[in-house]
Amino acid sequence: MGSEEKKGIQTQYIYVENTSISTIDNKEEEKEEKSLGNVSVMMLHQMNFHQKFKPKDDDIILASIPKSGTTKCLNSLVFSILNRNNLHDHNSCRLISTHIPYASFPDSIKHYSKSRIVYLSRNPLDVIVTNNKEGFSSMEECVDMFCKGESVFGPFWDHVLGFWKASLEKRDKVLFLKYEEMKEDNIGQAKRVAEFVGIPFSKEEEKNGIIEQVLLMNKLKEDDHDHEVGDWMNHLTPSMVKCVNNIMKEKLCGTGLSFKMS
């Protein structure tokens, strides 16, 4: 568990993708995790999430599939919105960051608490490239694993569709964002997020340029080669793109969800 302090306001971060929900410095659980395969690690994450995490009504859960820009984009944006100009007291507010699929969330979050979920999706082609840059495997292996749905947190399409469908059914509970739209229209998307978390920008704030100040406090406006939109065009072959396009077309058909694939 960690915390970040800004202008006297403290917003608590909990990273539930770690083995332990209550602490990220549990050596025994880290040792146990290292001895497990990817599927077992995922099961361990889910078990700890269900057993140890107790949601609060003012929790804001920031979810994504890995390498979707959550840390450098979404987390910093929400933190800046909550703590802007010291106008809002969110001392008890917790930002919970996780990669766990929506289907694996405990009922206490999905049905009983008033906590809200902000999900950040990203073009799968760029997700594949970013994974490869982190040294996971060769590009060919990354594409092959993606198309087979082999991932610690489940297939990409299952992950995004879980939150997508929840956002359609529970619009006041789940907000579905796209990384590319956040980069293209950072002001508009920042306003969406602020509205969703319950502290929309006032007319006066907009007039005084507070939204722009918020954006400057986070990574949304910065150039980041590892999170560049469309970077997949510099790394993937036409056959790789075709493989991913075909599987995504099949999996997303009829759902209303789409990504700019080419």
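Note that the structure is a prediction, hence the values are computed from the model and not measured.
Side-chain contact between V214 and F201 is present, with heavy atoms from C-beta onward closer than 4.5 Å. Side-chain contact between F146 and P124: present, with at least one pair of heavy atoms (C-beta onward) separated by less than 4.5 Å. For the pair L120 and L62, the minimum side-chain heavy-atom distance is 4.5 Å or more. The side-chain heavy atoms of Q189 and E184, taken from C-beta on, include no pair separated by under 4.5 Å. Counting only heavy atoms from C-beta outward, the side chains of D59 and I109 never approach each other to under 4.5 Å. A heavy-atom distance below 4.5 Å is found between the side chains of K170 and H111. Residues R116 and L175 are not in side-chain contact: their nearest non-hydrogen atoms beyond the backbone lie 4.5 Å or more apart. Looking only at side-chain heavy atoms (C-beta outward), F105 and T98 come within less than 4.5 Å of each other.
There is no path of hydrophobic side-chain contacts, each under 4.5 Å, that joins Y112 to Y102. If you chain together hydrophobic residues whose side chains sit under 4.5 Å apart, M233 and M248 fall into the same group.
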*After noting the C-alpha distance and the side-chain angles of I128 and W232, does the key distance pass the side chain to side chain contact (heavy atoms under 4.5 Å, CB included) rule?*
CA-CA 8 Å; I128 291 171; W232 60 267; over 6 Å; no

_Does S258 form a side chain to side chain contact (heavy atoms under 4.5 Å, CB included) with K178? I'd like the steps, not just the answer._
CA-CA 10 Å; S258 64; K178 294 182 181 180; 4.3 Å; yes

*Please report the C-alpha distance between V129 and L125 in whole Å, then the side-chain angles of each, then the deciding distance to 0.1 Å, and finally whether the side chain to side chain contact (heavy atoms under 4.5 Å, CB included) criterion is met.*
CA-CA 6 Å; V129 170; L125 296 170; 5.9 Å; no

*How far apart are the C-alpha atoms of N75 and S97, what are their side-chain angles, what is the distance that settles it, and do they pass the side chain to side chain contact (heavy atoms under 4.5 Å, CB included) test?*
CA-CA 8 Å; N75 291 10; S97 178; 3.7 Å; yes

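Rounding to the nearest 0.5 Å places CZ of F156 at 6.0 Å from CD1 of I65. Distance check, rounded to the nearest 0.5 Å: OG of S68 to CG of N123 gives 10.0 Å. K67 contributes atom NZ, which lies 11.5 Å from atom OG of S151 (distance to the nearest 0.5 angstrom). The distance from atom SG of C142 to atom NE2 of H235, rounded to the nearest 0.5 Å, is 12.0 Å. Rounding to the nearest 0.5 Å gives a distance of 13.5 Å between CE of M145 and CD of E140. With rounding to the nearest 0.5 angstrom, the CD1 atom of I96 is 5.5 Å from the CD1 atom of I61.
Summarising the geometry of D57 relative to K114, their closest heavy-atom pair is OD1-N, 3.0 Å, with the distance given to 0.1 Å. Scanning both residues, V229 and Y179, for their nearest heavy atoms gives CG2-CE2, 3.9 Å. The nearest pair of heavy atoms linking K56 to S115 is O-CB, 3.5 Å. Residues F259 and L252 approach most closely at CD1-CD1, 3.9 Å, considering heavy atoms. Across all non-hydrogen atoms, the minimal contact from P66 to V127 is O-CG1, 3.8 Å. Listed here is the closest heavy atom pair of V193 and I81: CG1-CD1, 3.7 Å.
Checked against a 6.0 Å centroid threshold, the rings of F176 and F163 do not count as neighbours.
The neighbour count for K173 NZ, taken as heavy atoms of other residues, nucleotides or ligands under 6.0 Å away, is above 12. Within a 6.0 Å sphere centred on NZ of K110, heavy atoms belonging to other residues, nucleotides or ligands number more than 12.
The residue from L177, V160, T130 that alone fulfils the side-chain contact (heavy atoms from CB on, under 4.5 Å) condition with R122 is T130.
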